[in-house]
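One-based numbering, in listed order, for ligands and for the atoms of each.
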Amino acid sequence: MTFSIHGLAVARGVAIGRAVLVASSRLDVAHYFIAADQVEAEIARLRVARNAVVEELQRLQKDLPKDAPQELGALLDVHLMLLQDDELTTGVKRWIRERLYNAEWALTSQFEVLARQFDEMEDAYLRERKADLEQVVERVLRHMMGAASPVAPREPRQRRLGELLLDDTHDVPLVLVAHDLSPADMLQFKKSVFAGFVTDVGGRTSHTAIVARSMDIPAVVGTRTASQLVRQDDWIIVDGEAGIVIVDPSPIILAEYGFKQRQGELERERLSRLRNTPAVTRDGQRVELLANIEMPDDARTALKVGAVGVGLFRSEFLFMGRHGVLPDEEEQYQAYRAAVEGMQGLPVTIRTVDVGADKPLDELRHDDAHLNPALGLRAIRWSLAEPAMFLTQLRAILRAAAHGPVNLLIPMLAHLGEIRQMQALLAQARTQLAQAGTPHGLVRVGAMIEVPAAALMVDSFARAFDFLSIGTNDLIQYTLAIDRADETVAHLYDPLHPAVLRLVAATLDAGARHGKPVSLCGEMAGDPALTRLLLGLGLRSFSMHPAQILAVKQEVLRADAARLRDWALQVVAAEEPAALLASGH
Ligand code: PEP
Ligand code: MG
């Protein structure tokens with residue numbers, strides 16, 4: 001039966017494929033395809049692990065002290081029974097044979113199928129056996145992770161819809177459905193097999209959504225219930241533009257979305273012709289279109305779409321998901337240098353580490369529900385609290401600046417005292433490098449304007465820095481008191497709120513007054529519906545996901561910046577800017 005689930009649109013495009021349900025706790029399980037001739041080896045690997053666990057449990061059972069509670073013995077019986085259950089073993093083998101999933105993935109897929117069956121049981125005792133199954137699966141996974149896989153991952157093939165409908169077995173595109181994904185999980189999936197993502201939680205500018213967008217694959221977040229309503233292996237359509245997930249689509253709907261998919265491809269092809277066209281408005285205003293990147297490798301994608309530099313390198317992605325081991329100076333230097341060299345002489349703006357809030361380092365995960373991490377030890381606050389870590393990063397960035405133009409960007413500043421401390425540490429990092437005779441370069445230093453306090457005292461910021469960069473994702477979050485990662489208040493997260501627009505406009509004016517360049521690197525920069533408004537307010541430097549650059553360039557080419565000025569000021573002054581924006585200019 002076809003039904004749809006509504007969420008928040010994250011990344012454009014349509015993905016059609018089978019659902020892969022992954023529990024958040026299982027996200028570190030490897031997901032890759034194996035070759036057909038590796039099936040038996042993969043099944044054998046699984047068998048070895050399972051037998052090892054059976055032996056382990058039998059040993060435990062044998063060694064059980066005489067006075068051990070009876071329930072313990074019964075529990076081990078249940079675990080052994082579950083482990084040898086036909087539905088589990090046959091199911092897992094089917095995922096390996098028919099879909100060519102690697103063994104770990106096959107095991108967790110079958111676990112999700114059985115877990116759902118347990119959830120639906122009327123009997124409370126039986127329902128609770130799901131936890132036992134989970135423990136058993138966990139043990140088998142641990143055994144498999146300890147033993148290296150002899151099987152090499154294989155690249156998935158890209159398939160067209162027609163081909164898919166003919167072949168219902170393997171190599172079908174897969175769409176990941178999870179309750180939640182952390183930004184670090186998303187990075188792992190950057191190299192993965194999935195053609196789309198759906199999550200229950202998350203807002204449109206949560207960092208998970210941001211990474212999905214940077215991967216340019218269709219995604220819908222904030223669906224609240226998708227991971228409960230979608231079953232393992234269901235056919236689903238992800239409409240990343242409308243924020244809709246269609247489950248078990250009828251042939252008519254499939255055909256409609258197949259058409260939409262092709263239209264999207266044609267549109268991209270058309271836009272790709274603008275790659276080498278300079279971004280200049282009709283009245284001759286030059287506009288800088290820069291890329292936001294998460295990893296040094298992304299520089300390639302940035303160049304491919306004609307970005308004239310990197311306006312935001314979110315360096316924190318080098319720090320996340322490393323089980324507490326932070327990258328040392330050399331590793332960071334190599335990463336920054338790779339980005340700088342990757343951009344072939346174009347400027348790279350490296351933002352110092354911005355962890356905290358919805359980007360926890362694993363060991364910093366805030367479990368205290370009463371604390372609000374978005375208001376906590378985040379970004380520059382953490383850097384100043386860990387001066388040794390910060391100095392290491394600053395040295396690495398200064399060293400990378402010997403290889404090409406680098407701008408240093410500081411996130412989340414609100415106090416002049418923080419600016420002074422940061423400047424002192426930067427001077428110290430330079431001295432350390434000079435004393436050690438280590439080659440390094442000059443950097444221009446900029447501040448992110450993303451806390452309302454910074455926007456309200458922007459003159460002081462403009463005086464203290466070489467440039468400013470407006471982080472509207474956080475500026476909206478902190479101005480409107482809306483957690484950007486919380487889907488329950490996503491409807492109130494409004495880039496066009498008059499208070500937000502006034503802070504953006506004031507920052508742009510201050511930049512012009514002080515002769516300091518102002519860039520905008522929040523998600524607003526990549527929304528073509530806002531390009532004319534931002535141009536009208538005087539913005540000439542936009543930084544966004546590479547995937548958005550050409551669509552924004554198209555808007556720039558069509559705009560007459562001088563004529564947009566008065567209209568833009570009216571929009572900002574309006575009580576309901578959205579209505580005025582919609583009426584057009
Ligand atoms: C922002 O806040 O707008 C921004 C660009 O930084 P991040 O999204 O990484 O917080
Ligand atoms: Mg921010």
Please could you name the atoms of ligand 1 that G471 approaches to less than 4.0 Å, counting only its heavy atoms? 1 (C), 2 (O), 3 (O)
Between D474 and R484 (salt bridge meaning N to carboxylate O under 4.0 Å), is one present in this structure? yes
Under 4.0 Å between a Lys/Arg side-chain N and an Asp/Glu carboxylate O for D216 and R268? yes
For the atom pair CE (M295) and OG1 (T301), what is the distance rounded to the nearest 0.5 Å? 12.5 Å
Hey, which atoms in ligand 1 end up nearer than 4.0 Å to a heavy atom of R314? 4 (C), 5 (C), 6 (O), 7 (P), 8 (O), 9 (O)
Contact partition for I470 relative to ligand 1, non-hydrogen atoms under 4.0 Å: neither
Is it the case that atom CZ in R270 sees more than 12 heavy atoms from other parts of the structure closer than 6.0 Å? yes
If hydrogens are left out, which of T205, L475, N473, L520 has an atom nearest to atom 4 (C) of ligand 1, that is, the closest non-hydrogen atom? N473
Atom 5 (C) of ligand 1 [closest protein heavy-atom partner, distance rounded to 0.1 Å]: C521 O, 3.4 Å
Using a strict 4.0 Å threshold on nitrogen-to-oxygen distance, state whether E330 and R337 make a salt bridge. no
If we number the atoms of ligand 1 from 1 as shown, the ones under 4.0 Å from a heavy atom of I210 are 8 (O)
Which of the atoms of ligand 1 are close to L312, meaning less than 4.0 Å from one of its heavy atoms? 5 (C)
Closest to atom 10 (O) of ligand 1 (judged by heavy-atom distance), picking from D474, I476, N292: D474
Who's the nearest protein heavy-atom neighbour of atom 6 (O) of ligand 1, and how far? R351 NH1, 2.9 Å
Got more than 12 heavy atoms from elsewhere within 6.0 Å of CZ, R513? yes
In terms of atom number and element, which parts of ligand 1 are under 4.0 angstrom from non-hydrogen atoms of R484? 2 (O), 7 (P), 8 (O), 10 (O)
Protein heavy-atom partner closest to atom 7 (P) of ligand 1 - residue, atom, separation in Å: H207 NE2, 3.2 Å
To the nearest 0.5 Å, atom CD of E329 lies from atom OH of Y336 at 10.5 Å
Restricting to N, O or S, what is the name of the atom of E450 that lies nearest the Mg ion (ligand 2)? OE1
Are I476 and H497 side-chain neighbours, meaning at least one heavy-atom pair lies under 4.5 Å? no
Please confirm whether M412 approaches ligand 1 to less than 4.0 Å, judged on its heavy atoms. no
Under 4.0 Å, heavy-atom basis, I'd like to know which part of R378 is in contact with ligand 1: side chain, backbone, both or neither. side chain
Does the plane of the ring in F465 sit parallel, tilted or perpendicular to the ring in F461? Use 30° and 60° as the thresholds. parallel
Would you kindly say whether S315 and Q393 are connected by a side-chain donor-acceptor distance under 3.5 Å? yes
From the Mg ion (ligand 2) out to just under 2.8 Å, does an N/O/S atom of D474 turn up? yes
Should you measure from each heavy atom of D354, which atoms of ligand 1 turn up under 4.0 Å away? 10 (O)
